[in-house]
Amino acid sequence: MSNPYDSGRFAEVTGLDQVNSLPDVVRVVDEMLSDLREHPADWENPTLERFLDALSATLDALPHLYTNRGTTLPDQPTWKTFAEALVMASGYE
């Protein structure tokens, strides 16, 4: 971040739309870890404490996110929903 008013970014991962299984989530987490190691100053929530706080807020906000998408949060979220929440928590303000 170049100035004090910049905020961090979300983790950069590939294929988030194609997450359908536990191995897909493992790949997403591995990509998140690689991105964090390569660019720790770029993440909005680079520490475990900040990430977990943001993850809690992200999970709480999921129903609103789905409403904004014109759908409802399923009673049984998918692996994709879980992966999206993890990535969202990396950059949630």
Side-chain angles (χ1 to χ4, degrees):
M1 291 177 272
S2 58
N3 76 58
Y5 299 105
D6 284 344
S7 61
R9 63 168 172 80
F10 295 96
E12 292 183 5
V13 299
T14 59
L16 195 56
D17 288 342
Q18 287 81 38
V19 172
N20 295 308
S21 65
L22 178 58
D24 293 337
V25 174
V26 170
R27 178 192 51 77
V28 167
V29 171
D30 286 343
E31 287 186 30
M32 290 176 69
L33 181 57
S34 292
D35 186 54
L36 177 62
R37 286 178 173 157
E38 291 174 23
H39 310 283
D42 292 350
W43 276 36
E44 180 68 25
N45 301 304
T47 67
L48 180 59
E49 180 179 6
R50 287 182 59 180
F51 179 82
L52 290 175
D53 183 51
L55 181 58
S56 175
T58 296
L59 293 171
D60 189 48
L62 278 179
H64 305 292
L65 172 69
Y66 274 74
T67 298
N68 289 343
R69 290 178 177 174
T71 61
T72 57
L73 180 66
D75 290 335
Q76 293 295 315
T78 63
W79 287 114
K80 179 182 175 194
T81 304
F82 180 59
E84 288 175 330
L86 291 172
V87 172
M88 286 173 31
S90 68
Y92 193 91
E93 291 188 45

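To the nearest 0.5 Å, atoms OG1 (Thr78) and CG (Leu73) are separated by 9.0 Å. The distance from the CG atom of Leu36 to the OG1 atom of Thr47 is 9.5 Å, given to the nearest 0.5 Å. Interatomic distance, Met88 CE to Phe10 CZ, rounded to the nearest 0.5 Å: 7.0 Å.
Transitive grouping of hydrophobic side chains (ILVMFWY, heavy atoms separated by less than 4.5 Å) brings Val13 and Leu55 into a common cluster. Under the 4.5 Å side-chain heavy-atom criterion for ILVMFWY residues, no single connected hydrophobic cluster contains both Tyr92 and Val29. A continuous path of ILVMFWY side-chain contacts below 4.5 Å connects Met32 to Phe82, so both sit in one hydrophobic cluster. Cluster membership check: Val26 does not share its hydrophobic cluster with Leu33, using side-chain heavy-atom separations under 4.5 Å among Ile, Leu, Val, Met, Phe, Trp and Tyr. Placement of Trp43 and Leu86 within a single hydrophobic cluster is found when ILVMFWY residues are connected by side-chain heavy-atom separations under 4.5 Å, directly or transitively.
In this structure the side chain of Arg9 reaches within 4.5 angstrom of the side chain of Asp35, judged on heavy atoms. Annotation: side chain of Asp42 is not in contact with side chain of Glu12 (no heavy-atom distance under 4.5 Å).
Here the closest non-hydrogen pair linking Ala83 and Val25 is CB-CG2, 4.3 Å.
A side-chain donor-acceptor contact under 3.5 Å links Ser21 and Asp24.
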